[in-house]
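A short write-up of the structure that comes next.
Indexing begins at 1, ligand by ligand and atom by atom, following the structure's order. Here the structure is a predicted model, which means the values were calculated and not measured. Note: hydrogens, waters and symmetry copies are ignored here, and every other heavy atom, side chains too, is used.
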Amino acid sequence: MIVLVTGGTGFIGSNLVRCLLGAGASVRVLDDLSTGRQENLDGLNGGLDIVVGDVRDGELLASVVRGTEVVYHLAALPSVARSIADPVATHDVNATGTLKVLLSARDAGARRVVYASSSSVYGDTPTLPKHEGMPVAPLSPYAASKLAGEAYCRSFTRSFSLETVALRFFNVFGPRQDPASQYAAVIPRFVNQVLQGESPTVFGDGEQSRDFTYIGNVVQACVLAAEAAAEASGRAMNVGFGRRTTLLELIQILGRIVGREIEPAFAPPRPGDVRDSLADISMAERLIGYRPLMDLRGGLTETVEWFERARRRIAVPARSMEEGER
Ligand code: NAD
């Protein structure tokens, strides 16, 4: 089977590519390397074809989609802060880019598009857990653009019978996540600070909570979404771990993993941060057979080990700013 992974040199994409190659698929990657890194796919060969280019380039898309059965569309500008700084750029890549991917998948006769959406479409609702029946309320241009992508997916299933499945990821973490990005997520930032012997910076009281989801669970959900029965098509569903953890609890668990007590450094709360987040994952369980295989402690242990190995290869500067909800 030939599959296309847009955004395949990024954090989630490169982990997905590894899994797909391991399962014997021929994988094409389309990525402009704007936030992804070619070295994320180092050491992989056999059935891997990397095309450096933009998902908004219709001609290029037509050539890379040709002959593929499944398109995993992960390419995006994945940052809330960046979308606030430049909403048009975010819309262009995330919404228009998704429309173009769907058009080319339709025209090439691909069977299914799996789309990376985001828990941010729910906004800061106090109702927990967040379930798909709740009204959406995107608060940032990033969230609005991811929701627009979902709407395009659904509309292509209805209008053109192209199968689509949108997955709303909740705070994904794990190996190959970039801790040095200005927009880095909280776990790679904490792990990087802890491994450098620094106190992890906590904005606010640390009681804010997230449904941290290990990358292996997310990769598993992507693969299941590509293979699930037609009932899943045209739907958007949550992919989380299904439990929430506060930042202070996270620091405690990290301390147990590295074998010492970690003292957080508190900083003023950041306006606009979502307070709590938790996924109801029953729809994904029912429609695609998703069951998270790795818990937080196990995922964090693998992440710390990977970052330790990576640090031995290259020193990573700690200059990150955490993203609330992506
Ligand atoms: P990432 O930045 O590591 O990956 C995004 C990839 O898209 C990068 O490789 C980047 O180079 C590529 N890209 C960006 N613009 C492109 C363009 N115009 N053409 C081609 N390639 C382009 O981020 P990630 O965390 O791996 O996110 C992957 C997807 O998952 C995104 O769609 C993001 O919105 C979604 N998501 C991620 C999280 C999370 O917690 N990481 C949560 C919710 C949703």
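- Near Thr9, meaning under 4.0 Å from one of its heavy atoms, ligand 1 places the atoms 9 (O).
- Of all the heavy atoms of Val93, the ones lying under 4.0 Å from any atom of ligand 1 belong exclusively to the side chain.
- The distance from ligand 1 to the heavy atoms of Leu33 drops below 4.0 Å at these ligand atoms: 11 (O).
- For a threshold of 3.5 Å applied to N or O pairs, the pair formed by Phe11 and ligand 1 contains at least one separation below that value.
- Of the N or O atoms in Lys146, one or more lie within a sub-3.5 Å distance of an N or O in ligand 1.
- In this structure, a donor-acceptor pair under 3.5 Å is absent between the side chains of Gln193 and Ser199.
- Panel note: side chain Thr157, backbone Leu162; a donor-acceptor pair is recorded below 3.5 Å.
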Could you go through the side-chain contact (heavy atoms from CB on, under 4.5 Å) check for Arg154 and Thr164 one step at a time? CA-CA 7 Å; Arg154 194 178 320 111; Thr164 63; 5.6 Å; no

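- In terms of polar-atom proximity, Val55 is counted as a contact of ligand 1, with an N or O under 3.5 Å from an N or O of the ligand.
- Close approach to Gly53 involves these atoms of ligand 1, each under 4.0 Å from a residue heavy atom: 19 (N), 20 (C).
- Remark: ligand 1 and Asp32 share an N or O pair separated by less than 3.5 Å (distance only, no angle test).
- Residues Val186 and Phe173 are not in side-chain contact: their nearest non-hydrogen atoms beyond the backbone lie 4.5 Å or more apart.
- Proximity of the aromatic rings of Phe241 and Tyr214 is defined here by a centroid distance below 6.0 angstrom, and this criterion is not met.
- Against a heavy-atom cut-off of under 4.0 Å, Leu74 is close to the following atoms of ligand 1: 28 (C), 29 (C), 31 (C), 32 (O).
- Annotation: side chain of Val51 is not in contact with side chain of Arg28 (no heavy-atom distance under 4.5 Å).
- By the 4.0 Å heavy-atom criterion, Ser79 is excluded from the residues contacting ligand 1.
- The shortest N or O to N or O distance between Asn171 and ligand 1 is not under 3.5 Å.
- Atoms of ligand 1 found under 4.0 Å from any heavy atom of Tyr142 (numbered from 1 in listed order, with element): 33 (C), 34 (O), 36 (N), 44 (C).
- In terms of polar-atom proximity, Ile12 is counted as a contact of ligand 1, with an N or O under 3.5 Å from an N or O of the ligand.
- Among the atoms of Leu30, none of the N or O lies under 3.5 angstrom from an N or O of ligand 1.
- Checked by atom type, the side-chain pair Asn40/Thr9 shows no donor-acceptor distance below 3.5 Å.
- For Val172, a nitrogen or oxygen atom sits less than 3.5 Å from a nitrogen or oxygen atom of ligand 1, counting backbone and side chain alike.
- Residue Phe169 has no nitrogen or oxygen atom sitting less than 3.5 Å from a nitrogen or oxygen atom of ligand 1, judged on distance alone.
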Could you go through residues 285-294 and list every donor-acceptor pair under 3.5 Å that involves a side-chain atom there, pairing it with any protein atom two or more places apart or in another chain?
residue: Tyr290; atom: OH; partner: Gly240; partner atom: O; Å: 2.5

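- In this structure the side chain of Glu150 reaches within 4.5 angstrom of the side chain of Val121, judged on heavy atoms.
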